[in-house]
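Remember, it's a predicted structure, so these values are computed and weren't measured experimentally. Residue indices begin at 1 and follow the sequence shown. Every number for a ligand or one of its atoms is a count from 1 in the order of the listing.
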Amino acid sequence: MTPSGRYLTTTTLIVALGGFLMGFDVSVVSGIIRFIEAEFGLGPLQVGWVVSSLSLTATLGMLASGPLSDRLGRRPVLQIAGVLFAVSAIASAVAPGYVTLVIARMIGGFGVGAALIVAPMYIAEMAPPASRGRYVSFNQLNIVVGISAAFFSNYLILTLGESGAAWAEALRLGEWNWRWMLGIETLPAIAYLFALALVPESPRWLAMRGRDEEATEVLRRVAGADAGNVLREVKAGIAAEAALGQASWRVLLHPSLRLVMTIGIVVGILQQITGINAVFFYAPMIFEQSGIGTNAAFMQAALVGLVNLAFTVVAMALIDRFGRRPLLGFGLSGIAACMLLLAWAFVGADNNPRLILFAILGFVASFAVSLGPVMWVLFSELFPNRVRGVAISFVGLVNSATAFLVTLVFPLQLEVLGNSLTFLIYGLFALAGLVFVMRILPETKGRSLEELEAALVRT
Ligand code: BGC
């Protein structure tokens with residue numbers, strides 16, 4: 001690897017830790033529910049608050065962090081997220097009661113929202129065009145690893161807590177199990193915070209602020225001898241964006257941004273409306289309904305995490321070689337096929353558990369190789385420098401709101417419409433998305449952010 005490749009890889013590894021923390025924070029809560037229910041004597045609505053309060057503040061964090069990153073810079077916002085993750089983890093671990101626990105979780109939610117959108121944006125602004133897709137997808141890989149790491153760490157703490165080992169007793173792993181599950185995140189959060197001190201500010205943000213010397217300095221480290229040319233291109237792009245005026249929410253309605261906003265919104269909705277989080281978070285329940293036992297259902301849910309991970313790696317290997325369009329086309333076709341198969345597998349009284357498992361794993365693989373990483377890559381590269389922060393906040397919000405709605409109505413859908421019809425609907429959404437994406441999405445691989453702007457944004 002060249003020195004600039006090494007530098008960029010290290011920087012990406014550090015920044016993408018935000019994705020890990022985000023994935024961990026979102027899924028760690030699944031393991032604590034039954035313990036806090038008992039300890040604090042919680043009713044269903046209170047449990048609901050512990051679980052969902054984080055998404056509420058994540059939404060706010062997402063809204064605030066894009067514009068804030070335009071104003072303060074990308075790195076300070078990531079550092080604030082790091083502090084929030086650490087404070088939230090510590091406060092959750094020592095929370096004396098239910099209300100303080102909810103507040104502690106809410107603090108972490110702001111960090112989740114910020115990390116989710118600022119990390120991919122920062123990485124795209126650092127990476128060279130030829131490998132930008134792979135570098136940005138690294139963040140998705142970390143989200144997926146974070147989700148699985150939380151399940152694993154919960155399991156480990158539970159098992160060690162019951163092991164009777166003297167050191168585990170001394171640490172009160174058994175008695176304080178849920179506090180440890182939440183508190184352990186302090187370690188990666190603090191590591192993130194310290195490591196962020198080693199990464200530079202985004203060169204595109206620096207150039208936007210007229211800090212050309214610092215921008216050149218950073219570009220020299222990631223683009224080598226080409227730094228001067230890149231800076232000239234970035235500056236020309238920023239000058240051309242002057243017509244957009246001040247970056248504010250209203251600027252997103254500017255006619256020149258219509259195409260990129262439409263793509264962002266449609267892909268943001270599509271990523272969720274094809275059912276990933278319904279399948280992801282209700283997997284054990286779906287498997288149980290297929291008639292296998294509870295333990296086997298949990299094993300299969302672990303398998304879902306593994307397949308997600310493996311195929312995200314496949315996407316990283318392919319995204320800059322084949323491009324975003326082929327991955328999306330292939331993945332959406334796979335999603336549609338697997339959802340239709342799933343719908344069919346649930347028809348009739350005698351379910352076929354093997355077929356159901358096959359269809360679900362096929363679905364997750366298709367998502368992981370396409371919509372999962374590709375959406376974040378598109379979000380980070382579609383918008384002009386000047387409005388990138390605001391625009392990514394907005395499409396990120398659309399994505400999260402859709403995720404919220406889909407997971408909210410899923411249990412009700414299963415009850416009212418039944419499994420077959422529910423999955424059939426997801427399949428039809430995927431087909432509609434396939435047609436739409438193939439019609440309007442231009443290929444973005446290998447072109448600089450400024451070239452893309454010249455091609456996609458008409459001022
Ligand atoms: C999505 C999440 C999803 C995750 C699963 C992300 O890109 O935005 O909603 O849970 O992928 O891998």
Side-chain angles (χ1 to χ4, degrees), residues 16 18-30 51-52 54-55 58-59 61-62 109 112-121 123-124 133 136-151 264-283 286 301-316 319 324 327-328 331-332 334-335 360-380 392-408 410 426 429-430 433:
F20 174 88
L21 287 164
M22 179 263 156
F24 192 98
D25 215 28
V26 170
S27 66
V28 71
V29 75
S30 66
V51 176
S52 65
L54 181 123
S55 350
T59 307
M62 196 178 285
V112 165
L116 195 59
I117 60 164
V118 181
M121 172 165 70
I123 298 170
V136 175
S137 299
F138 208 83
N139 196 57
Q140 169 72 8
L141 184 72
N142 270 12
I143 295 178
V144 175
V145 172
I147 295 175
S148 295
F151 284 126
I265 292 169
V266 170
V267 174
I269 293 177
L270 200 57
Q271 201 215 31
Q272 296 298 334
I273 211 170
T274 41
I276 185 63
N277 283 321
V279 168
F280 222 69
F281 293 108
Y282 293 98
I286 303 173
L303 203 58
V304 167
L306 228 79
V307 168
N308 198 6
L309 190 74
F311 281 85
T312 307
V313 175
V314 172
M316 286 173 69
I319 192 163
R324 291 52 163 156
L327 286 193
L328 273 188
L332 277 166
I335 290 174
I360 287 193
L361 293 183
F363 163 73
V364 172
S366 307
F367 171 88
V369 87
S370 64
L371 275 176
V374 174
M375 180 194 81
W376 293 110
V377 172
L378 289 174
F379 278 8
S380 70
I392 203 169
S393 269
F394 183 78
V395 291
L397 182 74
V398 170
N399 175 257
S400 296
T402 317
F404 176 71
L405 288 177
V406 169
T407 42
L408 182 72
F410 182 68
Y426 290 150
F429 280 141

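- Without hydrogens or angle criteria, S27 side chain to I147 main chain gives a donor-acceptor distance under 3.5 Å.
- Here OH of Y426 is found 9.0 Å from OG1 of T274. Values are rounded to the nearest 0.5 Å.
- The CE atom of M375 lies 4.0 Å from the CG atom of N399; values are rounded to the nearest 0.5 Å.
- For the pair L361 and V304, the minimum side-chain heavy-atom distance is below 4.5 Å.
- Between the OG atom of S400 and the CG atom of L405 there is a distance of 11.0 Å, given to the nearest 0.5 Å.
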Taking a 3.5 Å cut-off between nitrogen or oxygen atoms, can you list every pair linking ligand 1 to the protein, with distances?
unit_1, atom_1, unit_2, atom_2, d
ligand 1, 7 (O), Q140, OE1, 2.7
ligand 1, 7 (O), Q140, NE2, 3.3
ligand 1, 7 (O), Q271, NE2, 2.9
ligand 1, 7 (O), W376, NE1, 3.0
ligand 1, 8 (O), Q271, OE1, 3.1
ligand 1, 9 (O), Q272, NE2, 2.9
ligand 1, 9 (O), N277, ND2, 2.8
ligand 1, 10 (O), N277, OD1, 2.6
ligand 1, 11 (O), Q140, NE2, 3.1
ligand 1, 12 (O), Q140, NE2, 3.4
ligand 1, 12 (O), N308, ND2, 2.9

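- Note that the CG atom of N139 and the CE atom of M121 stand 11.5 Å from one another [nearest 0.5 Å].
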